[in-house]
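Model, not experiment: these values are computed from the prediction.
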Number of protein chains: 2
Amino acid sequence: MVTTLKPQLGANPERARSHNKQLVLRAIRHVGTAGRAEIARASGLSTQAVSNIISDLLREGLLVEQGVRSAGRGLPVQQYAIKPDGGYAFGVEVRPTAVFIALVDLVGTPLLTQRTPLVDAQKATILDTVSAQLDDALSKTHVPKALLMGAGIVMPGPFGDTGLTGADSELPGWNTGDPAESFANELDLPVFVENDANAAAMAERMNGVARGLDDFAYLYFGQGLGLGLVQNGQAVQGAFGNAGEIGHITVIVQDRPVELETATSRLSVQAYLAGQGVTVTDMDDLNSLYSSANRHLLVWLDQAAQALSSALSIIENLFDPQTVILGGAMPDDLLDHIIAHTVLPERSVANRPDRTHPRLMRGTSGRMTATLGAAALVLHQAFTPTIAEAR
Amino acid sequence: MVTTLKPQLGANPERARSHNKQLVLRAIRHVGTAGRAEIARASGLSTQAVSNIISDLLREGLLVEQGVRSAGRGLPVQQYAIKPDGGYAFGVEVRPTAVFIALVDLVGTPLLTQRTPLVDAQKATILDTVSAQLDDALSKTHVPKALLMGAGIVMPGPFGDTGLTGADSELPGWNTGDPAESFANELDLPVFVENDANAAAMAERMNGVARGLDDFAYLYFGQGLGLGLVQNGQAVQGAFGNAGEIGHITVIVQDRPVELETATSRLSVQAYLAGQGVTVTDMDDLNSLYSSANRHLLVWLDQAAQALSSALSIIENLFDPQTVILGGAMPDDLLDHIIAHTVLPERSVANRPDRTHPRLMRGTSGRMTATLGAAALVLHQAFTPTIAEAR
DNA sequence: GCGTTAACTCAACTTTCTTGAGTGTTCAAG
DNA sequence: CTTGAACACTCAAGAAAGTTGAGTTAACGC
């Protein structure tokens, strides 16, 4: 049982500067627009240091001047903001039958999103497709590759050979070797790999309802159900990258134990409705069933809300999050309905009067949630000071 | 919904040096004894920088020379090790009826542990008792207070006014104000507050079976059952400090849903045996019942193992830990029995062939586990490089 | 023996931060 | 309307901590 120490780097002037740059960017991003003195106070650096760093960032094109603001006495504040076209992030979501991509700018605005079907799900095919899609996206948007800060990849887990191996959502050929390395070699970019739920959570943290939150959970409706966890501002990956496999735990619905995923997921609603003679193939079908108040759908929603209540109890008591977000490939109306009908457990550490956020919120929904989340991984990294983490 | 940015500090020469010192200490601690060049390679610093830092640490009395080792060609390595009496940590466990304390040295060896009954559980009484115990411990061991690096405090949660408030394990008067601040003022030391499970987990990580692990879980048998979580080398506290309240989640035992804590905890075994006409008051009673193969105890152990199996499934699938440790105020033999009879869930991300540690292990047991864990919090902090974290 | 290897030291240099004095703008009190 | 306090920012000098490259020392292996 030999354990190797996680590599961590020492601080030297160069790494310190890089850390401080990210710290300044993060501070500006958080308030939208800020002046030197304000940043200095927030970061414990001298005004002079912040001044030097900002002039660096201006030269690198990551910041823009944003006019002056005179707030009370003293010299008016020269303000700075993130320059949207100062950098770009590429997001990729790999599914067994198609690849989704998104190109977003430094503030998270999507410039382009698209879907490409896969002829097969072999590793080589996927790598080639993603590479071609990157070139395509860059040429369509006229973004120079030099401004691309990295690629975020969302892939269906679990990673490696586990007790869940054999599930139908998997891709062949990825269980050996490090997927991040394969993509990094193919795309010649820094690569960040995550599961869909964590990526969606990071998207919500960068530009959604979880802006600025450091501890929250995200229940992602995909094929199955995934749990994204953010602790201390970082996505929780677990020792082998497979944290958040909440779909297979047992919950109580109508006094009977069931696997959570069989009660609440896209497959689950399809299967249930099929059993009642109703066929749904996409989100639009679900939407129209819901607007016509389909009886079977309402029954399913009711039991999904019950299952969710149990899941919520587990998540809240184990993580004590600021909030739990519900989102993913499920229509807004259905998510809202589920949220409205979910009983918030009384006996929970989250049941406290001094909350700033609701216990359960709806996040971004729709097909591109995870893809945009993939791009958010890159942005997150750009705005997170890390002096010590070796890559 | 205004969110404040978690304060993070910029790097300057002074903070960089402090970071690097902790990095060097950590590297030496991990291998026991190390030379300059080796540390330089591990930390990405130059040999010269490490040299300067080590001479600082020698002067401060945190390191000792440890002879030379000639490994292959070249100049023999001058080795260094942590100096045990270079610093001390004070651990406190507050329970409703008594206070437990421990004083440990820099490598974690306990110099003194003791228990003091509380006349009442009022905040002032507890603060006074702990303060007196600190003075007592220092004078008995002749440790100068200047060498005390801090105090770790273990208190029964949950902290703040939550949906679990009203449980009998609580202390009056702590729901308002920051406990850490109260203790810091009283003891005039840096203070770290944690729950029993997280503290036990950190103890296991510093000097126990989890040495060097960065991602694992610890199921702590106390009054109830607590979950300690270590993610990325840090204890998971949750947004309000109440993560790990696993006792109140529902699991399936003999096809019936029960609260986990009613199936596996010290109170649970006492209550069950009392129902069978068997009275147990302490761990010795349990031990003798077990060695006489008491039928009722064996039945209880069997259902505790069942409950644990469900809990394990949840923990493994949500966290994907390197291992799950069982420990706390329960005799070794009983823990071993439970571990031997727990079915490891098949459908789990933790069920993988390339594991380095068993899925379920026994940690330190006994009454002082959490108290020593409290002291370990201080040591953990001393050996963890943190350039950015504001306090 | 003698050259190679490797750890370590010394001294010069570089980067980056801090400090303190100085400048310019705004507001408020007299 | 003047004057002074408050505040953001700049400039230049100084300090802290890192890196670099040349030199020293000791052990191994041919």
Side-chain angles (χ1 to χ4, degrees), chain A residues 8-24 27-28 31 33-60 63 65-81 385 387-388 390, chain B residues 8-25 27-28 31 33-60 63 65-81 385 387-388:
Chain A
Q8 238 181 321
L9 297 180
N12 60 18
E14 184 188 346
R15 295 200 269 257
R17 172 66 89 139
S18 146
H19 169 97
N20 288 347
K21 271 185 191 170
Q22 285 167 304
L23 195 66
V24 167
I28 294 177
V31 290
T33 155
R36 294 160 164 83
E38 185 183 352
I39 299 168
R41 279 188 298 267
S43 62
L45 292 171
S46 62
T47 328
Q48 185 57 56
V50 173
S51 243
N52 296 340
I53 290 164
I54 282 186
S55 83
D56 257 30
L57 293 172
L58 282 172
R59 190 155 17 83
E60 292 167 26
L63 289 183
E65 297 199 350
Q66 193 79 334
V68 293
R69 168 182 51 114
S70 76
R73 282 184 184 182
L75 197 78
V77 182
Q78 172 62 55
Q79 299 195 114
Y80 298 91
I387 200 165
Chain B
Q8 237 182 322
L9 297 180
N12 59 20
E14 184 188 340
R15 296 200 270 257
R17 173 65 89 136
S18 147
H19 170 96
N20 288 347
K21 272 186 190 169
Q22 286 168 305
L23 195 66
V24 167
L25 285 174
I28 294 178
V31 289
T33 158
R36 293 159 164 86
E38 186 183 349
I39 299 168
R41 280 187 298 266
S43 61
L45 292 171
S46 61
T47 328
Q48 185 58 55
V50 173
S51 242
N52 295 339
I53 290 164
I54 282 186
S55 84
D56 257 31
L57 292 171
L58 283 172
R59 192 156 13 83
E60 292 167 26
L63 288 183
E65 296 198 349
Q66 194 79 337
V68 293
R69 169 182 50 114
S70 74
R73 284 186 182 181
L75 196 74
V77 181
Q78 172 62 56
Q79 298 195 113
Y80 298 90
I387 201 165

Exercise for the section: Name the nucleic acid region contacted by A:Arg69, choosing base, sugar-phosphate or nothing; use a 4.0 angstrom heavy-atom cut-off, strictly under. Expected result: nothing
Considering only distance and modelled atom types, tabulate donor-acceptor pairs under 3.5 Å from the side chains of residues 39-49 of chain B, sequence neighbours left out.
{"unit_1": "B:Ser43", "atom_1": "OG", "unit_2": "B:Ile39", "atom_2": "O", "d": "2.9"}
{"unit_1": "B:Ser43", "atom_1": "OG", "unit_2": "B:Ala40", "atom_2": "O", "d": "3.4"}
{"unit_1": "B:Ser43", "atom_1": "OG", "unit_2": "B:Leu45", "atom_2": "N", "d": "3.4"}
{"unit_1": "B:Ser46", "atom_1": "OG", "unit_2": "B:Ala49", "atom_2": "N", "d": "3.2"}
{"unit_1": "B:Gln48", "atom_1": "NE2", "unit_2": "B:Asn52", "atom_2": "OD1", "d": "3.1"}

Practice task
Supply the atom-to-atom distance B:Arg17 CZ to B:Asn12 CG, rounded to the nearest 0.5 angstrom.
Solution key: 13.0 Å
Completion exercise
Residues at least two apart in sequence or cross-chain that pass salt bridge (charged side-chain N to carboxylate O under 4.0 Å, His left out) with B:Arg15, listed by chain then number, are none
Exercise for the section: For the helix from C:dG1-D:dC30 to C:dG30-D:dC1, measure the angle between the helix axis at one end and the axis at the other, each built from five pairs, rounding to 10°. Expected result: 10°
Completion exercise
Of all heavy-atom pairs linking A:Pro76 and A:Val68, the shortest is CB-CB, 4.2 Å
Handout entry: Sequence-aligned protein contact record of nucleotides 22-30 of chain D, with B where the base is within under 4.0 Å of a protein heavy atom and S where only the sugar-phosphate is
Key = ---BBBBS-
Completion exercise
The first and last nucleotides of DNA chain C lying within contact of chain A, meaning any atom under 4.0 Å from one of its heavy atoms, run from C:dT15 to C:dA28
Handout entry: Within residues 45-55 of chain B or reaching into it, pairs that qualify as salt bridge (charged side-chain N to carboxylate O under 4.0 Å, His left out) - sequence neighbours excluded
Key = none
Handout entry: Donor-acceptor contact present, side-chain B:His19 to main-chain A:Leu9, <3.5 Å
Key = yes
Handout entry: Main-chain N/O of A:Ala11 paired with B:Asn20 side-chain donor or acceptor, under 3.5 Å
Key = yes
Fill in the blank from the handout: For B:Gln22, the side chain to side chain contact (heavy atoms under 4.5 Å, CB included) test, sequence neighbours excluded, returns B:Ser18, B:Pro385, B:Thr386
Problem - Base-contact (B) and sugar-phosphate-only (S) positions in nucleotides 12-21 of chain D, heavy-atom cut-off under 4.0 Å, - elsewhere - result: B----SSBB-
Fill in the blank from the handout: Minimal heavy-atom distance between A:Tyr80 and A:Ile28, with the atoms involved, is O-CG2, 3.6 Å
Practice task
Not counting sequence neighbours, which residues clear side chain to side chain contact (heavy atoms under 4.5 Å, CB included) with B:Leu57? List them please.
Solution key: B:Lys21, B:Val24, B:Leu25, B:Ile53, B:Glu60, B:Leu62, B:Leu63
Fill in the blank from the handout: Taken in chain and number order and not counting sequence neighbours, the residues that satisfy side chain to side chain contact (heavy atoms under 4.5 Å, CB included) with B:Gln79 are B:Thr33, B:Gln66, B:Arg69, B:Val77
